[in-house]
**Q** 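The structure follows.
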Amino acid sequence: MKNKITLSLLISIVSVINVKSQLRSDQVYVTNDFKLNALLSNYNHHSAVPNLKNVSYSQKKETKDIYFDNEGNIIKVESTKNGKKFPLLTVEYLETNKPLTYGIYKNGKLKYTTTNYYNEKAAIIKSERTRPNQKQFYQHTWEYDQNNNLIKTTSYKNGSNKISSYWLYEYDNEGKKTASRSYNKKGELQYEYSFNCNPEGKKVEKKVDYTAVCSYTESLKDYLIKTDERDNLKGKLSKTLQKYLAADTTLIEHKSFNHKNQLVYHNEYNNSGKIILYEWYKRNKPKSVSKWTYDGNKFISRQNYWNGKPSFKLEYVYYKELITQVNHYNKDKLKSNTKITYNF
């Protein structure tokens with residue numbers, strides 16, 4: 001008999017927290033399919049739960065059912081409204097757990113299918129999308145060198161064999177990327193990024209026809225400070241600062257500055273690497289702020305502010321190690337919650 005536990009979960013926020021540590025990049029980001037990426041990143045964090053067969057989300061009049069195979073891969077997502085069940089997503093995998101095909105549905109009808117192809121080293125080489133009438137409307141390819149370094153990506157117009165744009169990548173003998181170049185359909189250079197920097201993290205040569213990305217690291221008593229400087233086509237310099245714990249290189253702070261040296265983004269993380277603060281600045285003033293709280297490894301709440309005023313809040317309750325309920329607040333008023341049933 002299936003063991004059923006009624007639980008609650010807010011899909012989107014939990015996925016944001018788990019996507020960095022738990023999602024497999026070849027499953028989620030490999031196809032450049034943003035709608036598909038959203039679906040997978042919403043649900044795939046459950047792959048860390050052993051022996052999970054099915055999860056049911058219930059909110060208001062709709063229930064979403066997510067089904068997994070024995071490897072923890074999502075194989076199907078369904079929606080039920082007013083007693084009627086509709087498919088949202090179907091996935092088939094290779095023996096290597098690489099996603100082979102995705103079926104995306106809208107209002108119960110197949111909207112398109114994504115098919116992926118891989119080389120003998122399990123690196124993706126082609127992704128294409130077709131309508132139910134078998135008309136192809138998207139195609140993207142990847143090419144690699146003998147060391148499986150990505151050397152070219154190509155996008156095609158409306159799924160045809162006509163190139164719309166492509167990127168070329170270069171590496172040194174150690175496999176470190178040294179340059180990236182973007183070209184339009186006519187083969188005209190659009191962007192060029194150089195990664196040729198000296199040991200101090202500065203550009204090797206002064207040029208204005210490419211963007212240089214250079215890095216250098218400072219060592220303090222308990223921290224490492226990494227600085228990335230980007231000098232763009234117009235000679236405007238922007239930079240990011242990342243602060244790590246010297247003991248285990250856990251990221252605890254990230255800052256991004258524009259060419260005027262004004263702070264644009266600021267993130268802080270706890271000693272476990274979990275985000276606790278996000279700030280977006282405009283004209284040196286924080287416009288959007290998010291704060292996270294935890295109890296050990298458990299995510300307890302997220303509070304968002306806009307122009308200094310509360311905008312929305314999420315509160316999480318647990319059954320043992322699993323989230324049991326999420327309350328959704330609009331400003332300070334409780335608006336809704338999402339319920340879920342786990343089947344093992």
**Q** Report yes if some heavy atom in the side chain of Asn158 is under 4.5 Å from a heavy atom in the side chain of Phe137; otherwise report no.
**A**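 Sidechains of Phe137 and Asn158: no contact.
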
**Q** Without hydrogens or angle criteria, can the side chains of His140 and Ser155 be said to hold a donor-acceptor pair below 3.5 Å?
**A**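 His140 vs Ser155: donor-acceptor pair found between side chains.
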
**Q** Can you check whether Gln139's main-chain N or O pairs, donor with acceptor, with Glu128's side chain at less than 3.5 Å?
**A**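 Absent.
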
**Q** Kindly indicate, with the supporting measurements, whether the criterion side chain to side chain donor-acceptor pair (under 3.5 Å) is fulfilled by Ser301 and Thr293.
**A** CA-CA 5 Å; Ser301 68; Thr293 61; 2.4 Å; yes

**Q** Are Lys298 and Tyr316 in a cation-pi contact, defined as NZ or CZ under 6.0 Å from the six-membered ring centre and within 45° of the axis?
**A**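 No - Lys298 does not lie over the ring of Tyr316 by the 6.0 Å and 45° rule.
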
**Q** Would you check if His254 and Ser256 make a side-chain contact, meaning some heavy-atom pair closer than 4.5 Å?
**A**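 Yes, their side chains come closer than 4.5 Å.
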
**Q** Counting only N and O atoms by type, is there a donor-acceptor contact under 3.5 Å from the side chain of Tyr318 to the main-chain atoms of Phe299?
**A**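 Such a contact is found between Tyr318 side chain and Phe299 backbone.
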
**Q** Would Asn116 and Ser127 count as a side chain to side chain donor-acceptor pair (under 3.5 Å) if you check the C-alpha gap in whole Å, the side-chain angles of each, and the deciding distance to 0.1 Å?
**A** CA-CA 4 Å; Asn116 298 326; Ser127 182; 2.9 Å; yes

**Q** Determine, step by step, whether Ile276 and Tyr269 satisfy the side chain to side chain contact (heavy atoms under 4.5 Å, CB included) criterion, reporting the C-alpha distance in whole Å, the side-chain angles of both residues, the deciding distance to 0.1 Å, and the verdict.
**A** CA-CA 5 Å; Ile276 57 176; Tyr269 307 83; 5.5 Å; no

**Q** Could you verify whether a donor N or O on one side chain and an acceptor N or O on the other, from Asn304 and Lys313, lie under 3.5 Å apart?
**A**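 Looking only at side-chain atoms, Lys313 and Asn304 do not form any donor-acceptor pair under 3.5 Å.
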
**Q** I need the single residue from Lys64, Lys85, Lys84 that forms a salt bridge (Lys or Arg N to Asp or Glu O under 4.0 Å) with Glu78. Which is it?
**A**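 So the option named by the test is Lys85.
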
**Q** Give a yes or no on whether the backbone of Pro99 and the side-chain of Tyr118 come within a donor-acceptor separation of less than 3.5 Å.
**A**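 It does hold such a pair.
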
**Q** Distance check, rounded to the nearest 0.5 Å: Phe86 atom CZ versus Lys106 atom NZ?
**A**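 Output value for this atom pair is 14.0 Å.
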
**Q** Should we count NZ of Lys126 as having more than 12 external heavy atoms under 6.0 Å?
**A**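 Result for NZ/Lys126: enclosed.
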
**Q** Rounded to the nearest 0.5 Å, how far does CG of Asn267 lie from CD of Glu279?
**A**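 Rounded to the nearest 0.5 Å, the CD-CG separation comes out at 8.5 Å.
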
**Q** Starting from the C-alpha separation in whole Å, work towards a yes-or-no answer on side chain to side chain contact (heavy atoms under 4.5 Å, CB included) for Asp228 and Lys226.
**A** CA-CA 7 Å; Asp228 292 324; Lys226 180 182 178 182; 3.4 Å; yes

**Q** Determine whether more than 12 heavy atoms belonging to other residues, nucleotides or ligands lie under 6.0 Å from atom CG of Asn147.
**A**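 Check passes, neighbour count above 12.
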
**Q** Spell out, as yes or no, whether a donor-acceptor pair under 3.5 Å connects the side chain of Asn270 to the backbone of Ile275.
**A**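 Not at all, since once roles are kept as given, no pair shorter than 3.5 Å links the two residues.
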
**Q** How far apart are the closest heavy atoms of Tyr67 and Asn54, and which atoms are they?
**A**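 Shortest heavy-atom contact: CE2-ND2, 3.4 Å.
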
**Q** What is the minimum heavy-atom distance between Leu277 and Lys291, and which atoms define it?
**A**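 That closest heavy-atom pairing would be CD1-CG, 3.9 Å.
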
**Q** Has the side chain of Tyr144 got a donor or acceptor atom that lies under 3.5 Å from a matching backbone atom of Ile124?
**A**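 Pair found, side chain donor or acceptor close to backbone of Ile124.
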
**Q** Rounded to the nearest 0.5 Å, what separates atom OG1 in Thr113 from atom OH in Tyr102?
**A**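 Here the interatomic distance stands at 12.5 Å.
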
**Q** Compare every heavy atom of Lys152 with every heavy atom of Tyr169, then report the nearest pair and how far apart it is.
**A**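 Minimum heavy-atom contact is CD1-N, 3.9 Å.
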
**Q** Ignoring hydrogens and angles, state whether a donor on the side chain of Asp248 or Thr250 is under 3.5 Å from an acceptor on the partner side chain.
**A**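 Yes, Thr250 and Asp248 have a side-chain donor paired with an acceptor closer than 3.5 Å.
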
**Q** Tell me the closest heavy-atom pair linking Ala123 and Asn148, and the distance in Å.
**A**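 Residues Ala123 and Asn148, closest heavy atoms: CB-ND2, 3.7 Å.
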
**Q** Is it the case that more than 12 heavy atoms not belonging to Asn173 sit under 6.0 Å from its CG atom?
**A**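 Counting neighbours around CG of Asn173, 12 or fewer heavy atoms of other residues, nucleotides or ligands fall under 6.0 Å, so no.
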
**Q** Applying salt bridge (charged side-chain N to carboxylate O under 4.0 Å, His left out), which residue pairs with at least one partner in residues 134-145 are found, sequence neighbours left out?
**A**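 Sorted result for residues 134-145: empty, none.
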
**Q** Does Leu314 share a hydrophobic cluster with Trp306, counting links as ILVMFWY side-chain heavy atoms below 4.5 Å and allowing steps through other members?
**A**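 The answer is yes; both residues are in one hydrophobic cluster.
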
**Q** With side chain to side chain contact (heavy atoms under 4.5 Å, CB included) as the criterion, how do Tyr93 and Ile75 come out once you've worked through the C-alpha distance, each side chain's angles and the decisive distance to 0.1 Å?
**A** CA-CA 8 Å; Tyr93 298 87; Ile75 56 176; 4.1 Å; yes

**Q** Quick one: does Arg302's side chain get under 4.5 Å of Ser290's, heavy atoms only?
**A**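 Yes, their side chains come closer than 4.5 Å.
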
**Q** Report the C-alpha distance between Asn271 and Ile252 in whole Å, list the side-chain angles of each, state the deciding distance to 0.1 Å, and finish with yes or no for side chain to side chain contact (heavy atoms under 4.5 Å, CB included).
**A** CA-CA 7 Å; Asn271 288 351; Ile252 60 172; 4.3 Å; yes

**Q** Using the rule that two of Ile, Leu, Val, Met, Phe, Trp, Tyr join whenever any of their side-chain heavy atoms come within less than 4.5 Å, decide whether Ile125 and Trp167 are in one cluster.
**A**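 Shared cluster, yes.
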
**Q** What are the two closest heavy atoms between Ser238 and Phe257, and how far apart are they?
**A**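 Taking every non-hydrogen atom into account, CB-O, 3.4 Å.
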
**Q** At their closest point, which heavy atom of Phe312 faces which heavy atom of Gln303, and how far apart are they?
**A**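 Reported closest heavy-atom pair: O-NE2, 3.2 Å.
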
**Q** NZ/Lys111 to OH/Tyr105 distance, rounded to the nearest 0.5 angstrom?
**A**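 The distance works out to 14.0 Å.
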
**Q** Is it the case that atom NZ in Lys121 sees more than 12 heavy atoms from other parts of the structure closer than 6.0 Å?
**A**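 Result for NZ/Lys121: enclosed.
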
**Q** Counting C-beta onward and ignoring hydrogens, is there a side-chain heavy-atom pair between Lys287 and Asn307 closer than 4.5 Å?
**A**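 Sidechains of Asn307 and Lys287: in contact.
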
**Q** Could you tell me if the side chain of Ile104 sits less than 4.5 Å from the side chain of Leu89, heavy atoms only?
**A**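 SC-SC contact between Leu89 and Ile104 confirmed.
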
**Q** Using a 3.5 Å distance criterion without hydrogens, assess whether the side chain of Lys185 forms a donor-acceptor pair with backbone atoms of Lys162.
**A**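 Looks like no, no N/O pair under 3.5 Å.
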
**Q** Nearest 0.5 Å please: distance from the OG1 atom of Thr154 over to the CH2 atom of Trp142.
**A**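 Atom-to-atom, Thr154:OG1 and Trp142:CH2 are 10.0 Å apart.
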
**Q** Answer yes if the side chains of Gln262 and Tyr281 hold a donor-acceptor pair under 3.5 Å, and no otherwise.
**A**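 No, because no side-chain N or O of Gln262 sits under 3.5 Å from a partner of the opposite role on Tyr281.
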
**Q** Does any non-hydrogen side-chain atom of Lys239 lie less than 4.5 Å from one of Lys255?
**A**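 No. Closest side-chain heavy atoms not under 4.5 Å.
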
**Q** Has the side chain of Gln190 got a donor or acceptor atom that lies under 3.5 Å from a matching backbone atom of Glu188?
**A**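 Such a contact is found between Gln190 side chain and Glu188 backbone.
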
**Q** Is it true that, when you exclude Asn297 itself, more than 12 heavy atoms of the residues, nucleotides or ligands shown sit nearer than 6.0 Å to its CG?
**A**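 No - once you tally the heavy atoms of other residues, nucleotides and ligands closer than 6.0 Å, there are 12 at most.
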
**Q** Quick one: pull up CG in Leu251 and CG in Leu224 and give me the separation to the nearest 0.5 Å.
**A**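 Here the rounded value is 11.0 Å.
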
